[in-house]
Amino acid sequence: MARNQKHYDTDYKVQAVTLAKEIGLSKAARELGLAPSTLNGWIKATREGRLISTPGSQTPGDAMSLAEEIAMLREQYKRLARENKRLKEENEFLEEASAFFAASRRKSARTHD
């Protein structure tokens, strides 16, 4: 008995994998009318580099999410730069405090001798 296999183009598979990453494999398979094992196979192929998105295959929704990701990364960079500056200032303060207490200790040791 012949099997009725559907053939999907690469762009569809890539978009299905993207959807699965966003909402989960089971939910994406249900929404797309696919067997979870089929979608899981496409996910595995993507991980192994056998299923690659072709240039220009991004949807406007993907482009928007990329813009959002860039904005998020910029905000994260700014936050980390502020934290790095604060930590450097704290480190300088601790070095100065350490030098002060070391000098104070040496002075105290000389007066007790």
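All values reported here derive from a predicted model rather than from experimental measurement.
Atom NZ of K44 and atom OG of S37 lie 12.5 Å apart (nearest 0.5 Å). Separating the CG atom in L19 from the CG atom in L34 is a distance of 10.0 Å, to the nearest 0.5 Å. In this structure, the separation between CD1 on I23 and OG1 on T18 is 11.5 Å, given to the nearest 0.5 Å.
In this structure, L39 and A20 approach most closely via the heavy-atom pair CD2-CB, 3.8 Å. Residues A29 and A35 approach most closely at CB-C, 4.3 Å, considering heavy atoms.
Taking a 4.5 Å side-chain heavy-atom cut-off between Ile, Leu, Val, Met, Phe, Trp and Tyr, the cluster of F101 extends to F100. Under the 4.5 angstrom side-chain criterion for Ile, Leu, Val, Met, Phe, Trp and Tyr, L87 has no cluster partners at all.
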Listing, residues 72-83 side-chain donor-acceptor contacts under 3.5 Å, not counting sequence neighbours, or none:
none

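Among residue pairs with one or both ends in residues 13-43, those qualifying as ring pair (Phe, Tyr, Trp, His ring centres under 6.0 Å) are Y8-W42; sequence neighbours excluded.
Residues forming a salt bridge (Lys or Arg N to Asp or Glu O under 4.0 Å) with R47 (at least two apart in sequence, or on another chain): none. Residues satisfying the side-chain hydrogen bond (donor to acceptor under 3.5 Å, both in side chains) criterion with R50, sequence neighbours excluded, are E48. Not counting sequence neighbours, E96 has no partner by the salt bridge (Lys or Arg N to Asp or Glu O under 4.0 Å) test. For the side-chain contact (heavy atoms from CB on, under 4.5 Å) test, residues two or more places apart in sequence or in another chain that qualify with N91 are E95.
The number of heavy-atom neighbours closer than 6.0 Å to CZ of R105, taken from other residues, nucleotides and ligands shown, is 12 or below.
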### Query
Where do V14 and L51 land on the side-chain contact (heavy atoms from CB on, under 4.5 Å) test, with the steps shown first?
CA-CA 7 Å; V14 169; L51 181 62; 4.1 Å; yes
